Amino acid sequence: MQGLMQDWPLLVSTILDHARINHPEREVVTRTVEGPIHRYTYRDLHGRAKRCAKALGRLGMRQGDVVATLGWNTHRHMECWYGIMGSGAVCHTLNPRLFLDQLNYIVNHAEDRFLLLDVSFVPIAEALQATCPTIKGYVILTDRAHLPETKLKNALCYEDLLAAEDESFAWVNVDERSAAGLCYTSGTTGNPKGVVYSHRSNVLHALAVNNADMLGLRSVDAIMPIVPMFHANAWATVFAAPMSGAKLVMPGGKLDGESVHQLLEDEAVTCTAAVPTVWLGLLQYLETQNKRLTTLQRVVVGGAACPGIVMEKFEEKYGVLVLHGWGMTEMSPLGTVSSLKPNQAKLSRAEQMKYKLKQGRAPYTVEMKIADDAGKELPRDGKTFGHLLVRGPAISKAYFKGEGGQILDQDGFFDTGDVATLDEEGFMQITDRAKDVIKSGGEWISSIEIENLAVGHPGVAEAAVIGLPHPKWDERPLLVVVKKPGAEVGKAEILSFLDGKIAKWWMPDDVVFATEIPHTATGKIQKRDLRERFKDHKLPGVV
Ligand code: ADP
């Protein structure tokens, strides 16, 4: 017997329609790239997304075309997303932090037809222009008054294009399985690979993210995604916010502690999301300037492991709940959040922290398992670690144009490239990325765990642990430390700080001080570069 329910296609445009009908007056506030604060409502966003769709259609954008954006989190970038996706075209977010040759590869691989960009990224587009012949036109996301001088051919002014249109546009009724978004992985090994989101996967993922144990956005919330839209859909907040009617606060390109704090307070933000480096910056600002957080209720930390000190400071000093999240571009991107369960609520604060610092539990729509090198499933005992595999309706089944070949195992699971443990409560903890784990005497050492303890030392701004070859143990850990400005701290002090917090055989063989640690385009420590930089470093006792 067939079910007799309607086939209501899960299209991204339905999310904005919902906000328009049910939350028309809810605000969308942006710190614009040009400087001033801009505010309007979901009703305005909806209308302008339709004008944008009409304007791009007039320029020649067709269903199935790939249209690139190079933009910060702003209202205009949101309009473009919904305008492109609502036309049945594919919105391709480019990460401006990538090297030019990577961007060049990505634009050509994706065959981008148009590039919509912020004024601040005009120099990047100019540098790409000669080698990216698929781009037929550039739209600069500003008004006439702020339009810069440019060598870009066919450069148009976004506000002029919108002014020439009205809102009478009907969203294109595509198949819910058709492509809506394209985002390339950072490509720390080999060329970047394209992850293709569908309308259906975006809608299902936003529903999952709005679970109460995930981000759980509500109409009373004000969400500020600091994580950029070019970093895996701003962790789905750009869909989850209009779906829930939460006020949306877009921080533009100013992500320093002072700017972030000002917007959090001025706009009464209740929930915000970013990578740990942003939070370290904000916490430092709060402490040095003696500031408070008066409206913020929860902060999502993800993209890299949350250091214990970040969680402790937010929760104990500022009274803000920390949600530690894990995910990846291929997972739309959220896979887990470390919300406590009722039996953990009874534990001591120290015991709770152990759970909260794990990467967390999966929502409905994400299945996880761990397996050994041969693919055999390993026990969920919180101790055994293995390759972390995932399955679900918002997880990649292949990369764009088949790059990388077959990426699922025989049961349809995708290998995340992370090594992790799973416990009986469903909590997952990342040990390391498979390629960064340190193999010492046949056992594995978690670089992440040592790094997160080291940044708990008051003189340490940032820490990275890499494995160096060792004649007896195969590999041994080297700790690279960036000191806080003015801090006086030496090797012996750091090692005694770690003593007792980790197993003896995990203790780094050496500590070196550096002025900076390299990062990838999504804010992660660039371990490959560090291994190269320290490849000739002699560990004590090694001749
Ligand atoms: P994103 O763009 O969301 O950062 P990427 O695809 O660039 O995703 O990187 C995903 C990888 O980032 C994961 O496979 C994992 O190694 C790392 N990662 C993300 N969140 C965490 C976390 N909370 N703890 C540890 N590692 C994390």
Side-chain angles (χ1 to χ4, degrees), residues 93-98 102 106 181-190 192-197 205 209 214-215 225-238 273-279 299-308 310-311 322-339 355-362 366 368 370 385 387-390 394-396 399 404 407 414-421 427-437 446-452 455 464-465 519-528:
T93 43
L94 292 171
N95 184 341
R97 295 170 180 154
L98 289 172
Q102 282 177 313
I106 290 172
L182 174 61
C183 181
Y184 281 70
T185 58
S186 325
T188 35
T189 49
K193 293 192 269 306
V195 172
V196 185
Y197 307 108
H205 188 60
V209 164
M214 296 290 280
L215 269 57
I226 298 177
V227 52
M229 290 162 77
F230 54 75
H231 185 177
N233 298 329
W235 300 349
T237 50
V238 284
V275 294
T277 40
V278 168
W279 300 133
V299 47
V300 186
V301 185
C306 175
V310 168
M311 189 170 285
V322 171
L323 299 171
H324 186 198
W326 161 88
M328 61 196 312
T329 308
E330 288 89 334
M331 298 180 73
S332 291
L334 265 169
T336 59
V337 167
S338 67
S339 295
Y355 278 100
K356 286 167 68 74
L357 283 169
K358 291 189 178 197
Q359 276 67 19
R361 298 182 282 121
V366 175
M368 297 192 287
I370 48 171
F385 48 82
H387 302 284
L388 177 62
L389 305 168
V390 290
I395 297 173
S396 295
Y399 289 109
I407 60 169
F414 169 76
D415 186 343
T416 60
D418 287 326
V419 172
T421 60
F427 275 75
M428 182 274 288
Q429 181 164 27
I430 303 265
T431 308
D432 242 318
R433 285 208 128 170
K435 57 183 187 305
D436 294 334
V437 78
S446 164
S447 64
I448 295 184
E449 209 164 320
I450 307 174
E451 287 159 7
N452 285 343
V455 292
V465 175
H519 290 97
T520 68
T522 50
K524 295 181 220 310
I525 295 171
Q526 182 63 273
K527 297 268 171 101
R528 197 183 41 177

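Each ligand, and each atom within it, is numbered from 1 in the order the structure gives. Nothing here was measured: the structure is a model prediction, and the numbers come from that model.
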Could you pull out every N or O of ligand 1 that sits under 3.5 Å from a protein N or O, with the distance for each pair?
unit_1	atom_1	unit_2	atom_2	d
ligand 1	2 (O)	His231	NE2	2.7
ligand 1	2 (O)	Thr329	OG1	3.2
ligand 1	3 (O)	His231	NE2	3.4
ligand 1	4 (O)	His231	NE2	2.7
ligand 1	4 (O)	Lys524	NZ	2.5
ligand 1	6 (O)	Thr329	N	3.1
ligand 1	6 (O)	Thr329	OG1	3.0
ligand 1	8 (O)	Thr329	N	3.4
ligand 1	9 (O)	Lys524	NZ	3.2
ligand 1	12 (O)	Lys524	NZ	3.1
ligand 1	14 (O)	Asp418	OD1	3.3
ligand 1	14 (O)	Asp418	OD2	2.7
ligand 1	14 (O)	Arg433	NH2	3.2
ligand 1	16 (O)	Asp418	OD1	2.6
ligand 1	16 (O)	Asp418	OD2	3.3
ligand 1	16 (O)	Arg433	NE	3.0
ligand 1	18 (N)	Gly303	O	3.4
ligand 1	20 (N)	Gly303	N	3.1
ligand 1	23 (N)	Ala304	O	3.4
ligand 1	23 (N)	His324	NE2	3.0
ligand 1	23 (N)	Gly325	O	2.8
ligand 1	24 (N)	Ala305	N	3.2
ligand 1	24 (N)	Gln359	NE2	2.9

- Query: Has the side chain of Ser338 got a donor or acceptor atom that lies under 3.5 Å from a matching backbone atom of His324?
  - Reply: yes
- Task: Sequence neighbours left out, what passes side-chain contact (heavy atoms from CB on, under 4.5 Å) with Pro228? Give chain and number order.
- Result: Asn73, Arg97, Phe230, His231
- Keeping the roles fixed (side chain from Gln429, backbone from Thr421), state whether a donor-acceptor pair exists under 3.5 Å. no
- Passing candidate, side-chain contact (heavy atoms from CB on, under 4.5 Å) with Pro192, options Ile106, Thr329, Asn95: Ile106
- Message: Could you check whether Gln102 and Tyr184, counting side-chain N and O atoms only, form a donor-acceptor pair closer than 3.5 Å?
- Response: no
- Using a distance-only test with no angle check, is there a side-chain donor-acceptor pair under 3.5 angstrom linking Ser447 and Asp432? yes
